[in-house]
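All remarks here apply to the structure that follows.
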Amino acid sequence: MNVTMITEILASGAAFAIPLLLAAAGESISERAGVLNLSMEGIMLCGAFTSVFASATTGSAVLGVLAGIAAGLLFGVMNAVLSVRCRADQIVIGVAANALALGLTTFGARILLADGKGNNVPAFDDVRIPVLSDLPVVGPALFGQTMLGYLCLLVVAGLAIVFSGRTMLGIRFDAVGEDAVSAGWTGVSVNRIRVFGVLIAAGCGGLAGAQLALSEVRSFSENMTAGMGYLAVVAVIAGRWKVTGIVIAALFFGVARALQFALPAVGVDIPYALLVMLPYLIAIVAVAGFVGGRKAPSCLTVPYVGRV
């Protein structure tokens, strides 16, 4: 495997990692508030479909992105009402939402994106930063993204700063996730914090879906996320709910997915089914390896029945 091939693998891995990282960043905030947003897969899928449909209909990729975020937020509102207000089982909600999203987007694609309407839609072109994009190996991966890709990275950085353990907002989220009852008695609005966290995760998921569809694939196909939403949840667990760990996990899974296409190109004879399974096998190993050391928020998936 030569330097050119390694460069291409890293560039492809970074392209897959950006939407995964964004979704994982939003998911981590929701989980820190005590809500497991297992519907991230469905949110990303709806974001991808809606962004492509809006982009193809209006001729504007920017409006497509806004539509993708709106679709994610719509799912987030549903999730917040059921999991926070109605205190329904968060895992059941997530599985049901993912099934609903798959059905809706499959039906919508066959009706609204028929005859190739979902292909060659207005999308974002790569923006190569002079000099930096020409750096050996890492240049194209770090400095050859689209404007939407750079925006996604800025959103991740902004979330990491605003919701860090050093800000008042970050401290409140951690307090609600660790001991919701005590946080409620100190005057913190637990339900509002949790709803806010779910909506942030949903917005990030919708934007991640738009990034995948309009920056990388530039089209929509049925079930195009192919488990990326679940990988985002795994990245949060493998990263131990810390920014650095989540970034490393997202990059790791992104490169693992890129290897699906790179290994056959260099003549490595591995069954295709095994290559498709590779990111998820690595995810299982990663989570298993961190089980002993990880510490999930104490109130994760635990309904709050105290003060509003």
Side-chain angles (χ1 to χ4, degrees), residues 18-33 35-58 60-84 90 93-109 112-113 118 121 123-124 148-149 151-156 158-159 163 194-217 220 222-233 235-236 250:
I18 288 176
L20 183 60
L21 174 60
L22 178 60
E27 174 67 22
S28 68
I29 293 173
S30 178
E31 292 191 17
R32 282 172 57 188
V35 181
L36 176 63
N37 196 350
L38 201 60
S39 60
M40 185 59 71
E41 172 74 7
I43 291 173
M44 289 184 66
L45 190 58
C46 284
F49 167 76
T50 307
S51 64
V52 168
F53 174 69
S55 181
T57 302
T58 64
S60 171
V62 174
L63 292 179
V65 172
L66 295 177
I69 296 174
L73 289 174
L74 182 61
F75 257 71
V77 170
M78 178 185 69
N79 194 341
V81 170
L82 293 175
S83 62
V84 179
Q90 296 173 14
I93 293 171
V95 173
N98 290 336
L100 175 63
L102 179 59
L104 287 176
T105 55
T106 299
F107 178 77
L112 302 175
L113 299 179
V121 299
F124 294 89
L148 182 58
L151 174 63
C152 291
L153 293 177
L154 287 176
V155 170
V156 171
L159 292 176
F163 291 91
R194 288 189 166 184
V195 168
F196 189 30
V198 171
L199 293 180
I200 290 174
C204 288
L207 180 57
Q211 159 68 11
L212 178 65
L214 298 181
S215 283
E216 306 306 331
V217 183
F220 180 82
E222 296 176 11
N223 194 28
M224 68 178 296
T225 51
M228 290 188 68
Y230 292 111
L231 284 180
V233 177
V236 175

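All residue numbers refer to positions in the sequence shown, counting from 1.
- Distance check: Leu21 CG to Ser28 OG gives 9.5 Å after rounding to the nearest 0.5 Å.
- Annotation: side chain of Glu31 is in contact with side chain of Val233 (closest heavy-atom distance under 4.5 Å).
- Here the shortest heavy-atom pairing between Leu20 and Ala250 reads CD2-O, 3.7 Å.
- Here the OG1 atom belonging to Thr58 is positioned 4.5 Å from the CG atom belonging to Leu63, to the nearest 0.5 angstrom.
- Taking the six-membered ring where the residue is Trp, Phe220 and Phe49 present perpendicular rings, their angle passing 60° and hence far from 30°.
- A 4.5 Å side-chain heavy-atom check between Glu222 and Leu113 finds every atom pair outside the cut-off.
- In this structure, the side chain of Gln211 does not engage the main chain of Pro19 through any donor-acceptor pair within 3.5 Å.
- Residues Val35 and Val195 have side chains not in contact (no heavy-atom distance under 4.5 Å, counting atoms from C-beta outward).
- The list of side chain to side chain donor-acceptor pair (under 3.5 Å) pairs with a residue in residues 44-55, not counting sequence neighbours, is empty.
- Summarising the geometry of Leu207 relative to Cys152, their closest heavy-atom pair is CG-SG, 4.0 Å, with the distance given to 0.1 Å.
- The CG atom of Leu74 sits 14.0 Å away from atom CD1 of Ile69, with the distance rounded to the nearest 0.5 Å.
- Here CG of Leu148 is found 9.0 Å from CD of Glu216. Values are rounded to the nearest 0.5 Å.
- When all heavy atoms are compared, the tightest approach of Ala33 to Arg194 is O-NE, 2.8 Å.
- Within the 4.5 Å cutoff, the side chain of Leu153 has heavy atoms near those of the Ile18 side chain.
- Of the residues listed (Thr105, Leu45, Val52), the one engaging Met224 in a side chain to side chain contact (heavy atoms under 4.5 Å, CB included) is Leu45, and it is the only one.
- Atom-to-atom distance recorded for Ile200:CD1 and Leu73:CG is 10.5 Å, nearest 0.5 angstrom.
- The residue from Leu100, Asn98, Thr106, Leu104 that alone fulfils the side chain to side chain contact (heavy atoms under 4.5 Å, CB included) condition with Leu102 is Thr106.
- Contact detail for Ala201 and Met40: the closest heavy-atom pair is O-CE, 3.4 Å.
- Counting heavy atoms from C-beta on, the side chains of Leu159 and Val156 never come closer than 4.5 Å.
- Here the side chains of Thr225 and Asn223 are in contact, with some heavy-atom distance below 4.5 Å.
- Residues Ala97 and Phe75 approach most closely at O-CE2, 3.6 Å, considering heavy atoms.
- For the atom pair CG (Asn37) and OG (Ser83), the distance works out to 7.5 Å, reported to the nearest 0.5 Å.
- Checked by atom type and distance alone, the side chain of Ser30 never pairs as donor or acceptor with a backbone atom of Glu27 at under 3.5 Å.
- In this structure, Met44 and Ala23 approach most closely via the heavy-atom pair SD-CB, 3.8 Å.
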